[in-house]
K.L.:
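Before anything else, here's the structure in question.
When reading the values below, keep in mind they use all heavy atoms of this one structure, side chains included, and skip hydrogens, waters and symmetry mates. Within every chain, numbering begins at 1; the chains are lettered A, B, ... in the order of the sequence lines, protein sequences first and strands thereafter.
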There are 2 protein chains.
Amino acid sequence: MAETTRDRILDAALRAYGTEGFAVTSLDALADQLGIRKQTILYYFPSKQAVFEAVIDAAAVDLVKAFDEEASRGLVGLDQVEAIVRRVFRLAVAQPELLGLIREVTRPGSLSADRLATQIAPVLDRARDFLQREMDAGHLRRSDPEMLLLSLYSTVVGVATELEVQRAMGLPPTLRGTVARRQELTRFLRAALEPAD
Amino acid sequence: MAETTRDRILDAALRAYGTEGFAVTSLDALADQLGIRKQTILYYFPSKQAVFEAVIDAAAVDLVKAFDEEASRGLVGLDQVEAIVRRVFRLAVAQPELLGLIREVTRPGSLSADRLATQIAPVLDRARDFLQREMDAGHLRRSDPEMLLLSLYSTVVGVATELEVQRAMGLPPTLRGTVARRQELTRFLRAALEPAD
DNA sequence: CAGACTCTCTACCAATTGGTAGAGAGGTCT
DNA sequence: AGACCTCTCTACCAATTGGTAGAGAGTCTG
């Protein structure tokens with residue numbers, strides 16, 4: 001199965017947008033990187049913004065696929081959540097551009113509110129529904145699924161950011177070490193912050 | 001003490017670069033926001049890049065000042081570190097643009113390697129020296145100060161990112177709640193990740 | 001008052017940007 | 001062969017960008 005030109009563009013765009021950023025990556029630069037002209041890109045996509053949105057779509061599809069695969073393995077409750085979180089982390093570690101993309105998406109004005117709703121919401125909805133179902137089935141302690149989702153999401157982004165910082169500082173990023181260190185430091189930080197406001 | 005035009009420019013630039021990003025914020029946009037022409041900005045700064053670097057300088061000065069103030073209060077060891085970390089967090093919470101600025105700086109190619117060395121290194125050096133001194137004095141458990149510094153740094157960035165995500169999702173960001181939730185989730189994540197690679 | 005200095009402006013420029021128009025090459029179907 | 005379709009190209013454009021040149025207004029200094 002040969003990789004189509006369109007796929008190659010999406011690949012390169014994910015890498016570029018995730019590391020350099022959407023705004024600073026011109027169509028020309030993207031095309032150069034692929035050895036084609038930018039007009040070829042504009043043949044496959046109506047605009048630069050459309051490339052961005054297609055990249056997000058593809059990433060969302062990947063996430064949903066990973067989610068579903070993990071969810072279809074018959075685990076329940078915490079085991080299920082564990083498996084999914086681990087899988088998402090594996091995705092983030094294997095594809096560090098994904099984190100950059102997330103940051104790019106959350107940047108104000110990068111995506112119109114309705115596109116955000118159309119593209120991101122389904123992923124979040126799926127996750128929220130899953131958590132709700134598991135709670136209803138008694139597999140998870142009952143709490144506000146919205147808050148739990150937010151917690152999971154921000155934690156994933158936070159941990160992934162730490163990994164990226166480590167990478168940026170020239171240290172080999174290790175998920176295991178990060179999580180262990182985080183636990184240690186979090187206990188300390190809690191003590192540090194508790195007495196104050 | 002009236003705020004000089006230069007200060008107003010730096011203020012607006014910090015806000016704009018931290019939230020929207022450096023690349024997407026044109027000098028025209030920055031000037032419009034201040035009710036002046038971009039040539040006025042270029043009177044105070046030789047180039048757009050220089051504005052960016054001045055913003056970073058100012059932020060670094062703020063950080064160093066906060067650091068020194070906290071360090072001069074006569075605390076030792078963990079109490080000292082606690083006070084400093086708490087202070088840095090207060091800065092990050094009061095000025096959320098600071099986090100965006102950090103992300104902007106760590107973006108590849110945003111700052112030349114030597115400018116990075118000139119501007120960021122002093123802050124890190126100061127922190128590393130401080131940790132080393134405290135270890136030598138027996139106030140902190142002896143470990144690799146480089147690693148401890150990295151841990152503290154990435155944790156601060158990670159927590160700050162979580163706060164920002166919460167803000168982006170329309171929830172009031174609370175440092176207390178984030179830290180508490182993080183501890184809970186970290187324990188869970190550790191369990192989730194421990195058995196795997 | 002004369003001159004210098006500080007500051008903000010108008011006018012302009014070269015380069016880059018995202019995007020359009022349309023030609024041409026190659027293959028496929030009738 | 002001829003019409004059609006897919007794809008990539010050359011050529012071009014309008015808008016925006018960072019940056020320069022220099023005039024003009026205000027203030028301070030002699």
K.L.:
What integer distance in Å separates A:Arg37:CZ from C:dG24:C1'?
P.N.:
16 Å
K.L.:
Could you tell me how far apart A:Phe22 (CZ) and C:dG18 (C1') are, to the nearest whole angstrom?
P.N.:
10 Å
K.L.:
Using a 4.5 Å cut-off on heavy atoms from C-beta on, say whether the side chain of B:Phe67 contacts that of B:Leu63.
P.N.:
no
K.L.:
Determine, step by step, whether A:Thr5 and A:Tyr43 satisfy the side-chain contact (heavy atoms from CB on, under 4.5 Å) criterion, reporting the C-alpha distance in whole Å, the side-chain angles of both residues, the deciding distance to 0.1 Å, and the verdict.
P.N.:
CA-CA 11 Å; A:Thr5 303; A:Tyr43 169 76; over 6 Å; no
K.L.:
Would you indicate, yes or no, if C:dT8 has its OP1 or OP2 atom less than 4.0 angstrom from a side-chain nitrogen or oxygen of B:Thr5?
P.N.:
yes
K.L.:
Closer than 4.0 Å, any side-chain N/O of B:Tyr43 to the OP1 or OP2 of C:dT8?
P.N.:
no
K.L.:
Looking at B:Arg133 and B:Asp136, is there a salt bridge between them, counting it only when a charged N and a carboxylate O are closer than 4.0 Å?
P.N.:
no
K.L.:
Please report, rounded to the nearest Å, how far the P atom of C:dC7 is from the CD1 atom of B:Ile9.
P.N.:
11 Å
K.L.:
Return whichever of A:Ala29 or A:Pro46 has its heavy-atom-nearest nucleotide of DNA chain C closer to the 5' end.
P.N.:
A:Ala29
K.L.:
A:Phe45 CZ to C:dG18 C1': how many Å, rounded?
P.N.:
15 Å
K.L.:
When you measure from the side chain of A:Gln39, which nucleotide among C:dA21, C:dT17, D:dA21 comes out closest?
P.N.:
C:dA21
K.L.:
If you find the nucleotide of DNA chain D closest to A:Lys38 and the one closest to A:Tyr44, which residue's nucleotide is nearer the 5' end?
P.N.:
A:Tyr44
K.L.:
Report the distance from atom CG of B:Asp28 to atom P of D:dG19, rounded to the nearest whole Å.
P.N.:
12 Å
K.L.:
Whole-Å distance between C:dA11 C1' and B:Leu42 CG?
P.N.:
15 Å
K.L.:
Closest approach to the side chain of B:Thr40, judged atom by atom: which nucleotide of C:dG19, D:dC9, C:dC9 is it?
P.N.:
C:dC9
K.L.:
Report which part of the nucleic acid A:Leu27 touches: base, sugar-phosphate, or nothing (heavy-atom distance under 4.0 Å, all strands).
P.N.:
sugar-phosphate
K.L.:
How many Å lie between CG on B:Asp32 and P on D:dT16, as a whole number?
P.N.:
12 Å
K.L.:
Do A:Tyr17 and A:Leu30 have side-chain heavy atoms sitting under 4.5 Å apart?
P.N.:
yes
K.L.:
Over how many whole Å does the gap from B:Ile41 atom CD1 to D:dT17 atom P extend?
P.N.:
12 Å
K.L.:
Are any non-hydrogen side-chain atoms of B:Phe22 and A:Val24 less than 4.5 angstrom apart?
P.N.:
no
K.L.:
Check the phosphate of C:dT17 against A:Ser26, side-chain N and O only, distance under 4.0 Å to OP1 or OP2. Yes or no?
P.N.:
yes
